[in-house]
Amino acid sequence: MINLDIISGFLGSGKTTLIKKYLEAYKNEKIVVIENEFGKIGIDKDIIKKDGLEIIELQNGCICCSMKLNFKDTILKVVNDFNPERIIVEPTGVAMLSEIVSIISNEEIKAKCKISSLITVLDAINYFDYIDSFGEFFEDQLLNANLILLSKTKNLNQNEINNIIDSLKQLDKNLNILIKDWDKISIKNLKSECNLNTLKYKNKEDKYKNIDLSMNEISTVSFSDFKIKDVEKLKEIFDNFKNREYGEIIRSKGFLKTSSGKVFEFNYVNGILDICNSDIDTNSKICIIGKKLEKEKLKKLLSKVRIRGCYKVWS
Ligand SMILES: Nc1nc2c(ncn2[C@@H]2O[C@H](COP(=O)(O)OP(=O)(O)OP(=O)(O)O)[C@@H](O)[C@H]2O)c(=O)[nH]1
């Protein structure tokens with residue numbers, strides 16, 4: 001049987017970071033990663049790629065809804081074409097986990113794969129913001145996970161963590177929650193933490209009927225193949241995001257190449273920007289996800305900071 005790991009979680013929660021730890025822990029296994037990104041250009045593939053690792057990107061839709069059939073067929077094709085020991089799936093940050101659980105419960109898939117982990121990564125810093133803004137489908141990811149793994153807890157005090165746990169227990173007192181410094185987590189032990197005896201599959205039709213409505217508000221725009229002068233120009237872009245002129249920007253990520261050829265990787269999650277040097281050889285790619293995005297204004301903003309020349313817009 002092929003091990004199947006589903007690593008779910010809201011936008012920017014830490015799914016890719018956790019998957020990198022899986023790839024390290026299981027480096028001797030033949031692994032295929034299925035990446036479903038909400039943005040129109042793939043960023044995560046560049047972040048996790050390494051020799052011998054097969055990465056399948058599913059773009060232009062969400063595997064829990066518009067690409068449901070595609071997702072099921074992709075898993076079966078991966079099984080046939082690669083016969084791996086492990087398949088790791090990263091759904092988009094706005095995927096309904098209940099739908100994904102329903103797809104992987106399909107008999108054809110169950111005949112070939114066994115679920116090894118079904119995890120939702122929960123961004124502790126942004127929990128109360130997101131549960132307020134995206135309650136219904138955010139809750140769906142929490143209620144259907146066999147393990148909720150808190151990320152970004154290092155700078156929170158015990159009181160703040162207790163508040164999150166209390167709130168989670170109000171959703172469902174049986175939620176299985178793990179709060180541990182990620183550096184001390186044994187990835188191979190997560191399987192036993194996952195309590196996989198039952199798949200929960202909680203999709204309360206009546207409760208989630210407004211999800212399509214709130215999902216429709218979230219959109220994305222991406223830009224690629226341009227250069228900026230230096231990293232200060234990158235900061236300029238994100239300083240502009242603080243006011244709502246460009247929409248409510250929840251998540252942005254990518255790489256930026258400067259005129260001197262230096263590459264930076266950046267992550268922007270709900271107002272916090274993180275930039276580091278990158279040794280990945282790539283052109284600039286920036287993916288922006290948010291509510292009510294002002295795409296034309298964003299194009300103008302990029303035009304102000306990029307160096308003249310061609311660039312591509314993915315909208
Ligand atoms: N401080 C801290 N930062 C984290 C932790 N986990 C992830 N991050 C940071 O959060 C940002 C987003 O992490 P990713 O792993 O890309 O998140 P993701 O869920 O894959 O994001 P999307 O695929 O865009 O939804 C990055 O800057 C990470 O370095 C954590 O436990 N602590």
Side-chain angles (χ1 to χ4, degrees), residues 5-24 33-49 55 57-59 61-64 88-97 100 119-127 129-130 133-134 137-138 141-142 145 147-157 160-161 164 177-185 187 190 215 218-222 234-235 238 249-256 264-278 280 285-291 314:
D5 298 293
I6 310 288
I7 311 295
S8 142
F10 194 66
L11 295 165
S13 56
K15 299 178 290 298
T16 309
T17 307
L18 184 63
I19 288 173
K20 278 166 82 176
K21 290 182 182 291
Y22 267 72
L23 296 176
E24 184 54 33
V33 180
I34 301 178
E35 282 287 351
N36 180 211
E37 293 225 52
F38 191 73
K40 294 280 190 308
I41 50 172
I43 307 281
D44 292 346
K45 182 175 179 176
D46 290 329
I47 293 173
I48 62 171
K49 75 178 168 197
I55 305 168
E57 286 182 297
L58 293 175
Q59 237 111 13
C62 199
I63 53 174
C64 75
I88 302 176
V89 179
E90 179 177 355
T92 73
V94 291
M96 295 277 286
L97 190 54
I100 289 170
I119 295 177
T120 289
V121 181
L122 178 62
D123 178 336
I125 291 178
N126 291 305
Y127 172 74
D129 258 15
Y130 290 163
S133 310
F134 306 101
F137 73 92
F138 190 66
Q141 294 182 350
L142 298 170
L147 178 69
I148 296 170
L149 181 59
L150 262 65
S151 65
K152 312 184 189 180
T153 52
K154 262 189 194 154
N155 295 325
L156 298 186
N157 62 38
E160 288 167 315
I161 291 177
I164 296 173
I177 307 161
L178 181 64
I179 302 156
K180 203 168 178 182
D181 185 341
W182 280 28
D183 294 334
K184 298 192 179 113
I185 285 179
I187 296 294
L190 284 183
M215 285 286 296
I218 300 181
S219 62
T220 175
V221 60
S222 301
L234 170 64
K235 290 182 187 156
F238 290 97
I249 294 168
I250 310 161
R251 174 80 168 119
S252 179
K253 61 181 174 179
F255 299 96
L256 284 169
F264 294 92
E265 181 185 334
F266 69 91
N267 277 285
Y268 178 89
V269 184
N270 202 24
I272 298 173
L273 175 65
D274 183 32
I275 309 173
C276 59
N277 290 324
S278 173
I280 295 172
K285 296 177 180 184
I286 169 167
C287 157
I288 300 168
I289 300 171
K291 269 186 174 179
W314 312 69

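Remember, it's 1-based here, ligands and their atoms both numbered in the order they're listed.
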Identify, for [atom], the protein heavy atom at the shortest distance, and state residue, atom and that distance.
| atom | answer |
| --- | --- |
| atom 24 (O) of ligand 1 | Arg251 NE, 2.8 Å |
| atom 20 (O) of ligand 1 | Thr16 OG1, 2.6 Å |
| atom 17 (O) of ligand 1 | Gly14 N, 3.1 Å |
| atom 25 (O) of ligand 1 | Lys15 NZ, 2.7 Å |
| atom 15 (O) of ligand 1 | Thr17 OG1, 2.5 Å |
| atom 3 (N) of ligand 1 | Lys152 CG, 3.8 Å |
| atom 27 (O) of ligand 1 | Asn267 CB, 3.2 Å |

Self-check item: Under-4.0 Å salt bridge between Lys253 and Asp46
Solution: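 Judged by the 4.0 Å cut-off on N to carboxylate O distance, Lys253 and Asp46 do not form a salt bridge.
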
Within the 4.5 Å heavy-atom criterion, are [X] and [Y] side-chain neighbours or not?
| X | Y | value |
| --- | --- | --- |
| Leu256 | Ile275 | no |
| Glu57 | Val33 | no |
| Ile288 | Tyr268 | no |
| Ile272 | Asp274 | no |

Looking at ligand 1, does [X] have a heavy atom less than 4.0 Å from it?
| X | answer |
| --- | --- |
| Gly12 | yes |
| Glu37 | no |
| Lys154 | no |

Quiz item: Under 4.0 Å from ligand 1, counting heavy atoms only, is it the side chain of Asp274, its backbone, both or neither?
Solution: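 Asp274 to ligand 1: side-chain contact only, backbone stays beyond 4.0 Å.
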
Self-check item: Part of Thr153 with heavy atoms under 4.0 Å of ligand 1, whether side chain, backbone, both or neither
Solution: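 It is neither; nothing of Thr153 touches ligand 1.
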
Quiz item: Phe138 vs Phe10 aromatic rings, parallel, tilted or perpendicular, using cut-offs 30° and 60°?
Solution: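 Aromatic pair Phe138/Phe10 classed perpendicular.
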
Quiz item: N/O of Lys253 under 3.5 Å from N/O of ligand 1, yes or no?
Solution: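 Yes; the residue has a nitrogen or oxygen that sits under 3.5 Å from a nitrogen or oxygen of the ligand.
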
Quiz item: With no hydrogens and no angle check, is any side-chain donor or acceptor of Lys180 less than 3.5 Å from a backbone partner on Ile185?
Solution: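 Side chain of Lys180 to backbone of Ile185, a donor-acceptor pair under 3.5 Å: no, none is there.
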
Quiz item: Does the Gln141 side chain pair with the main chain of Gly93, one donor and one acceptor, at a distance under 3.5 Å?
Solution: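 Checked: pair present.
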
Quiz item: Which residue, Leu58, Thr16, Asp44, forms the side-chain contact (heavy atoms from CB on, under 4.5 Å) with Glu37?
Solution: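 With Glu37 as partner, Leu58, Thr16, Asp44 yield a single side-chain contact (heavy atoms from CB on, under 4.5 Å), made by Asp44.
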
Ligand 1 atoms in contact with [X] (distance to a heavy atom under 4.0 Å):
| X | value |
| --- | --- |
| Ser151 | 31 (O) |
| Asp44 | 23 (O) |
| Glu90 | 20 (O), 23 (O) |
| Leu11 | 25 (O) |

Quiz item: Around atom CG of Asn155, are there more than 12 heavy atoms of other residues, nucleotides or ligands at under 6.0 Å?
Solution: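 Open.
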
Practice problem: Can you measure from CD1 (Ile19) to CD1 (Ile88) and round to the nearest 0.5 angstrom? | Solution: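 Ile19 atom CD1 to Ile88 atom CD1 measures 6.0 Å (nearest 0.5 Å).
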
